[in-house]
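Below: one structure, written as structure tokens.
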Amino acid sequence: MVKQEIIFVPYPTPGHLLVTIEFAKSLIKRDNRIHTITILHWTLPYTPHADLFAKSLIASEPQIRFHALPEVKNPPPFDLFLKATEAYVLEFTKATVPLVRDALSTLVSSRDGSDPVRVAGLVLDFFSVPLIEVGNEFNLPSYIFLTCNAGFLGMLKYLPERHRRMGTMLDLSSSEDHHIPGYASSVPSKVFPAGQFKAFDHFACCCTDNFPPVYPVGPVLSLEDRPSPDLDPSDQRRIMRWLEDQPESSVVYLCFGSYGVLGAPQIEEIARALEVSGHRFLWSIRTEDGGPCDLLPDGFTDRTASKGLVCGWAPQVEVLAHKAVGGFVSHCGWNSVLESLWFGVPIATWPLYAEQQLNAFTMVTELGLAVELRLDYVSTKKEIVKAEEISEAIRSLMDGENTVRGRVKEKAEAARKALMDGESSFVGVKRFMDDLVGEDF
Ligand SMILES: O=c1ccn([C@@H]2O[C@H](COP(=O)(O)OP(=O)(O)O[C@H]3O[C@H](CO)[C@@H](O)[C@H](O)[C@H]3O)[C@@H](O)[C@H]2O)c(=O)[nH]1
């Protein structure tokens with residue numbers, strides 16, 4: 001039997017790395033046709049420690065090897081990041097093309113001849129669509145591992161079709177409603193991601209009747225051996241010790257993902273809301289510089305010492321799995337959503353950027369699986385959500401046995417079932433592997 005190698009090119013931020021590497025690990029565990037998975041790793045200026053983080057995620061996996069790409073030679077100007085993050089990311093990804101080409105030429109040629117391992121194909125992040133061309137040069141099939149949900153895929157398919165039909169770009173402030181494949185409700189323009197238009201150029205080629213095969217392989221969750229990107233375990237232990245002392249379902253957990261930074265005025269409103277609501281809380285705060293407590297109002301930490309804890313990076317999976325946690329105020333990054341559903345913890349939605357508004361809409365309006373705090377909040381607009389609104393949402397999230405909580409528990413079961421032998425995810429992974437390495441191997 002010829003052994004196979006798969007080359008993964010993840011996007012180097014925690015939200016993408018955790019889940020992409022988890023998918024790689026699950027393939028290795030499940031399919032003995034795979035000999036090696038190579039992670040081609042690159043760095044962005046705002047992800048300086050991503051290499052250490054990725055390495056620590058694969059430390060216990062001898063069949064996964066890490067291949068660092070050299071630094072990108074002509075990166076786009078950082079100004080572009082501040083003006084249009086998605087455009088910057090796409091330009092940056094394009095700049096990785098020659099580096100990936102060089103790496104592939106080494107990796108593929110070293111596998112030629114007597115070496116019984118064959119490179120079967122590439123698994124790319126959806127930001128790395130330009131790398132499909134490089135795969136073609138080496139006769140390697142490329143697959144996109146979509147770290148978002150199927151609704152987002154529906155939107156990727158819908159937008160170029162709409163553009164062809166209407167001839168105009170979508171105005172996010174318009175009152176137009178959209179019928180996206182897979183959604184029962186019509187989707188308002190205001191929940192579409194702001195950075196969509198450049199990214200969708202790349203997908204336009206797929207939007208014919210020949211849409212490529214889609215393999216439902218989710219939910220993919222990274223639940224074990226998760227180091228924190230700052231690689232400091234002491235804070236994680238402090239958080240878990242604190243949770244041990246809290247009554248069951250009493251704590252609201254607030255966290256806005258890997259990069260959800262809020263300004264001082266917004267932090268103040270959240271702090272006020274937590275004091276007013278009176279609920280116990282665990283609040284993970286990201287700041288651009290400095291520590292998590294730097295922007296808190298004077299005296300807040302002392303006044304709330306018996307009720308709450310503020311931290312930097314939280315061990316989110318352990319937190320959501322803990323019986324003391326009864327609700328989650330979340331930015332609706334897709335991993336956070338999946339993790340909360342997995343552990344049956346309901347969410348109050350507060351999206352900030354990327355496709356998070358669409359996720360919030362999906363959870364609240366389409367599926368009835370979350371409490372609405374906001375659906376269309378956009379962090380760059382710097383709107384301040386007032387304490388009263390936040391505390392009201394926390395109250396409806398935490399108080400009593402609301403209907404959302406019941407539905408979330410049902411979803412937790414459905415998620416586990418999807419992974420079982422013969423169910424959707426199990427079958428999706430098998431189809432993907434058979435297509436990639438061939439059923440004959
Ligand atoms: O203090 C923290 C913060 C985050 N996490 C983990 O980091 C991951 C964060 O992923 P996610 O919730 O998806 O948020 P982002 O980091 O913001 O993810 C980016 O990638 C996601 C997947 O494509 C998109 O859905 C988001 O919009 C995009 O911002 C999750 O596994 C969390 O458990 C922690 O463990 N502790």
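Atoms within each ligand, like the ligands themselves, are counted from 1 in listed order.
S250 contributes no side-chain N or O that, together with a main-chain N or O of Q246, makes up a donor-acceptor pair within less than 3.5 Å.
For E410, there are no salt bridge (Lys or Arg N to Asp or Glu O under 4.0 Å) partners, not counting sequence neighbours. Taking the side-chain contact (heavy atoms from CB on, under 4.5 Å) definition, one finds that E355 meets it with C148, F152, P193, W334, N359, sequence neighbours left out.
The protein residues lying under 4.0 angstrom from ligand 1, judged by non-hydrogen atoms, are G15, H16, L18, T147, C148, R226, C255, G257, S258, S284, R286, W313, A314, Q316, H331, G333, W334, N335, S336, E339, Y353, A354, E355, Q356.
Residue pairs meeting the side-chain hydrogen bond (donor to acceptor under 3.5 Å, both in side chains) criterion with at least one member in residues 362-373, sequence neighbours excluded: Y183-T362, S185-E366.
Heavy-atom neighbours of D177 CG from other residues, nucleotides or ligands within 6.0 Å: above the threshold of 12.
With a 4.5 Å cut-off on side-chain heavy atoms, W313 and R286 count as touching.
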